[in-house]
Structures are given as C-alpha cells and as structure tokens.
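First the structure, in the form of structure tokens, and then the observations on it.
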Amino acid sequence: MRSDIAKRAVDAAFERLGVDSLYGAIRCKLLFESDDDVGVGMGDFVSRPVGRETIYLVRAGEVTPAEGGAFEVNGETHNIVAKPTLKDNARLVWRCRVAL
C-alpha cells in the first residue's frame, strides 16, 4: 500500500474513532487495541492473573512515546510499561503497552 494512502486511512481512523488524550503536554488521539490479563503462566495461557495491560495506538506524527512515559485519558494516568513499537509497514502508528 502506498504510504500516502496508508496515512490518509490512519488519519481517518484516528479522527473518527480516536479518544482525546495527553502525552505530557502534547494533545493526541488514541485508539484502543486490546485489554489483556497479565500473569504467571506458560506461553499464551495465564494461570494466575496478577494485573491488566492495555494496548494503545497513537499516530507517530503526533508523539514519540517512550517506556516510562504516560498518557492521560479522561483524567486518569496510564503508564507505558514496555518499549513502544512501530508495527505497521508505513511506520505510522506506535503500539504502546500500558498498565491500568
């Protein structure tokens, strides 16, 4: 997919479905990807949940998130607990694992 088409698609998704947030003092929009139990187990099987982690997606053109950073959503702070990754081919969207 051409990068200009991918960028338009990503921008449209964030504008239509994104949630207003702050990363430090920077306003940005987030998309929610998943909400998973984190715990002790083997592989994908979690035998004893010890917490919850959520994946947020944020446009690379808005912010460059880092492990230890935080998003503020609806007055609540969500700390980034792992190094954010750029998973899409066009490198337009950061994938951030946050702890609630």
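Count residues from 1 along the sequence. Keep in mind that the numbers below use all heavy atoms, side chains included, and drop hydrogens, waters and symmetry copies. Keep in mind it's a predicted model, so treat the numbers as computed, not measured.
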When you compare the side chain of T85 with that of W94, does any pair of heavy atoms fall below 4.5 Å? no
Inspect the contact between R59 and E15 and indicate whether a charged nitrogen and a carboxylate oxygen are less than 4.0 angstrom apart. yes
Measure across V58 and V63 and return the closest heavy-atom pair with its distance rounded to 0.1 Å. CG2-CG2, 3.6 Å
Report whether F32 and Y23 are members of the same hydrophobic cluster (ILVMFWY, side-chain heavy atoms less than 4.5 Å apart, transitive linking). yes
Counting heavy atoms not belonging to K29, are there more than 12 under 6.0 Å from its NZ? yes
Step by step, would you call I55 with R95 a side chain to side chain contact (heavy atoms under 4.5 Å, CB included)? CA-CA 7 Å; I55 304 296; R95 187 175 186 270; 3.5 Å; yes
To the nearest 0.5 Å, what is the distance between CG (L30) and CG (L17)? 12.5 Å
Evaluate the side-chain proximity of F14 to L92: yes if any heavy-atom separation is below 4.5 Å, no if none is. no
Straight-line distance of K7 NZ to R91 CZ, nearest 0.5 Å: 15.5 Å
First locate atom SG of C96, then atom CD of E67, and finally report the distance between them rounded to the nearest 0.5 Å. 11.0 Å
Please determine whether the number of non-hydrogen atoms from other residues, nucleotides or ligands lying under 6.0 Å from atom CG of D4 exceeds 12. yes
Heavy-atom side-chain proximity of V19 to V73 below 4.5 angstrom: yes
Take the angle between the ring planes of Y56 and F71 and call it parallel below 30°, perpendicular above 60°, tilted in between. perpendicular
If you group Ile, Leu, Val, Met, Phe, Trp and Tyr by side-chain heavy-atom gaps below 4.5 Å, do L22 and L31 land in one group? no
For A70, does its backbone N or O pair with a side-chain atom of N79 as donor and acceptor, under 3.5 Å? no
Keeping S21 on the side-chain end and E72 on the backbone end, is there a donor-acceptor pair under 3.5 Å? yes
Do you know which two heavy atoms are closest between A66 and I80, and how far apart they sit? O-CD1, 3.5 Å
